[in-house]
Number of protein chains: 2
Amino acid sequence: MGAVKGSSPKTSKGTLGKDQFGEYLKHILRLEHVSSPVSTSALSESMKVAPSTVTDMLKRLAGKKLINYVPYHGITLTPEGEKLAVKAIRRHRIVERFLTDMLGFEWHEAHEEALLFENDISDEVERRLYSALNRPKVCPHGYPIPTKVEDVLVEEVTLYSLEPGEQAEVMSVKDDDPEMLRFMASLGIKPGVKVKVEVKDPFKGPMQTMVGKQKRTVGWHLANAVFVKKLR
Amino acid sequence: MGAVKGSSPKTSKGTLGKDQFGEYLKHILRLEHVSSPVSTSALSESMKVAPSTVTDMLKRLAGKKLINYVPYHGITLTPEGEKLAVKAIRRHRIVERFLTDMLGFEWHEAHEEALLFENDISDEVERRLYSALNRPKVCPHGYPIPTKVEDVLVEEVTLYSLEPGEQAEVMSVKDDDPEMLRFMASLGIKPGVKVKVEVKDPFKGPMQTMVGKQKRTVGWHLANAVFVKKLR
DNA sequence: CTTGAAATTTTGACTAACCCAAATTATAAT
DNA sequence: ATTATAATTTGGGTTAGTCAAAATTTCAAG
Ligand SMILES: [Mn+2]
Ligand SMILES: [Mn+2]
Ligand SMILES: [Mn+2]
Ligand SMILES: [Mn+2]
């Protein structure tokens, strides 16, 4: 009685569902940028699940034509998969931006909060969020809000790669370690800020830098989580 | 390798999860208001699932101490269940309000869009949404945004119950039929508007009314989906 | 107090997304 | 050709949801 009969194909092509697909696609896109095709072990590490779990998922992803899967030889995104990956990344960054700009979250909270519901909003909500935010170009951590795959590419030069005397502008920062983000904020490091390296200790030692007008000491780990564009 | 070991108890007490629990609790609360204890068949009808499905779910709900379940004799919410039900209703209405007020959705879209992600946001996001919205008292359809169970109670007088000559203020409207909501809007019917009945046909016939300053004919079904408070 | 219809639960399945350890197999490098 | 490593297969397991059909319980009439 009262039960709805049929069902629905559900995963209707260009749609991101409640499943982990979006998350896998995001990771694959990033990893493919490092080296393509992407191996099972790379994904296993990055997704923090067992290799056998990844193989499982790859078969499902391949079934949906989102990846080209050659057993034992890794995977690449299909055009369709790439489109969805970009869409997932875009959505994540828009939601992060919503959380900071409209709800006042700190940047170290935005990433995880976004993961909680970003996969459940409709395309229409995403569109309206984007408008309401005034069509921002980047997420709170400085990463571009992409439309197409080329937009996802990002500055790869880390603060640590600078030599004494060099100046640069902070473009983006790794957004997955809340504690590090807090600390960065306390140092005044954020997208848009200018930095200058004064001293760089050997053996992965700390750097003495100017962050804006402030003298700051920055360790190796942190300096490698900051992406910059060299100036002059 | 890289796999996270343990697990987590997950459903950690006062939390609303990704599951249907929240949805069931909302329905139970409403039905209990009509007649308590709530029967399996009433829930089956209201949730649009088979009775056996309901029985299943009742066992799970009872396992989490959210309902008092006496097989064959219906259920009531436990204090804990009632608290969660109110929380779920509150959250739904806040999210609806967010969709209309901050994102510009029409009221006939808000209900369904809200269902898509309301169960996935954190308590903190809910709190901040509520603040950002300026602590509204009601959802876009006129229902209160509750803090405790008493707040959920609502005007039960329908527009159709008015007799010719009587005046009333629209308090709320049924929010689950998008097409009806569209039509209501086109008639100018919305919370806060004053209505006056001029003629009421017999046999569940239509009413001639004044909606604000406009002459409007309102059918039985629609008039029963509008809740009012009599004036004078 | 019996009986039978109606309501409800049980039984037995099914799907879909996950996830993993251990055993097996394929690849590629020596 | 051997072998280490990577990847897959095998064989599980979980949670969350769903249903039809069979069995059971309740309750109201007789
Ligand atoms: Mn992020
Ligand atoms: Mn970010
Ligand atoms: Mn609603
Ligand atoms: Mn509403």
Side-chain angles (χ1 to χ4, degrees), chain A residues 1-12 15-25 27-28 31 35 37-64 66-76 88 115-116 119-120, chain B residues 1-12 15-25 27-28 31 35 37-64 66-76 115 119-120:
Chain A
M1 286 288 122
V4 172
K5 250 307 125 46
S7 47
S8 39
K10 274 294 139 59
T11 321
S12 48
T15 298
L16 251 3
K18 281 189 185 302
D19 44 46
Q20 287 296 92
F21 283 10
E23 217 46 40
Y24 271 86
L25 293 175
H27 283 248
I28 294 168
L31 292 171
S35 93
V38 175
S39 68
T40 299
S41 46
L43 250 179
S44 162
E45 182 149 341
S46 142
M47 290 289 299
K48 297 187 193 307
V49 294
S52 54
T53 303
V54 172
T55 303
D56 247 35
M57 201 64 63
L58 295 185
K59 282 186 276 196
R60 279 193 267 151
L61 253 3
K64 296 239 187 298
L66 299 176
I67 59 173
N68 303 301
Y69 175 36
V70 184
Y72 294 103
H73 294 281
I75 62 178
T76 56
L115 289 179
L116 294 179
N119 288 314
D120 300 302
Chain B
M1 285 287 122
V4 171
K5 251 309 128 45
S7 48
S8 39
K10 274 296 139 62
T11 320
S12 48
T15 298
L16 253 3
K18 281 190 183 302
D19 46 45
Q20 287 294 91
F21 283 10
E23 217 47 41
Y24 271 86
L25 293 175
H27 283 249
I28 294 168
L31 292 170
S35 92
V38 175
S39 69
T40 298
S41 46
L43 250 180
S44 161
E45 183 149 341
S46 140
M47 289 290 298
K48 297 186 193 310
V49 295
S52 54
T53 304
V54 172
T55 303
D56 250 35
M57 201 62 65
L58 295 185
K59 282 186 278 195
R60 279 192 267 152
L61 255 3
K64 296 238 187 299
L66 300 176
I67 59 173
N68 303 301
Y69 175 36
V70 183
Y72 295 103
H73 294 281
I75 61 178
T76 56
L115 289 179
N119 289 314
D120 301 302

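Just so it is clear: chains get the letters A, B, ... in the order the sequence lines come, proteins before strands, and each one is counted from 1.
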Please tell me which of the listed nucleotides, D/dG17, C/dC18, C/dT9, lies nearest to the side chain of B/D19?
D/dG17

Spacing of A/Y72 atom OH relative to C/dT27 atom C1', expressed in whole Å:
9 Å

A/T76 and side chain to side chain contact (heavy atoms under 4.5 Å, CB included): which single residue from A/V70, A/I28, A/N68 fits?
A/N68

Between A/H73 and A/D56, which is nearer to the 5' end of DNA chain D once each is assigned its nearest nucleotide?
A/H73

Are any of the side-chain heavy atoms of A/M47 and A/Q20 separated by less than 4.5 Å?
yes

Which part of the nucleic acid, if any, lies within contact of A/T53, taking any heavy atom under 4.0 Å across all strands shown: a base, the sugar-phosphate backbone alone, or nothing?
base

With heavy atoms under 4.0 Å as the rule, sort A/T55 into base, sugar-phosphate or nothing.
base

note: A/K48, atom NZ; C/dC18, atom C1'; distance rounded to Å ~ 18 Å

Using atom CG of B/L58 as one end and atom P of D/dA16 as the other, report the distance to the nearest whole Å.
16 Å

Residue whose nearest DNA chain C nucleotide is more 5′ - A/P71 or A/R60
A/R60

Please report, rounded to the nearest Å, how far the P atom of C/dA16 is from the NZ atom of A/K59.
16 Å

Which nucleotide in the list C/dC20, D/dA7, C/dC18 gets nearest to the side chain of A/T40?
D/dA7

Under 4.0 angstrom, heavy atoms only, what part of the nucleic acid is A/S41 near: base, sugar-phosphate, or nothing?
sugar-phosphate

CE of B/M57 to CG of B/L43: how many Å apart, nearest 0.5 Å?
10.0 Å

Rounded distance (Å) that lies between atom P of C/dC20 and atom CD of A/E45:
14 Å

C/dC18 C1' sits how many Å from A/K64 NZ, rounded?
14 Å

Contact between B/L61 and B/Y69 at the side-chain level, heavy atoms closer than 4.5 Å - yes or no?
no

When you measure from the side chain of A/P51, which nucleotide among C/dC18, D/dT8, D/dA7 comes out closest?
D/dT8

Whole-Å distance separating the CE atom of A/M57 from the P atom of C/dA16
15 Å

Do the non-hydrogen side-chain atoms of B/I67 and B/V38 ever get within less than 4.5 Å of each other?
no

In whole angstroms, the gap separating P of D/dG17 from CG of B/N119 amounts to 10 Å

Give the nucleotide from the list D/dA7, D/dA20, C/dC20 with an atom nearest to the side chain of A/S39.
D/dA7

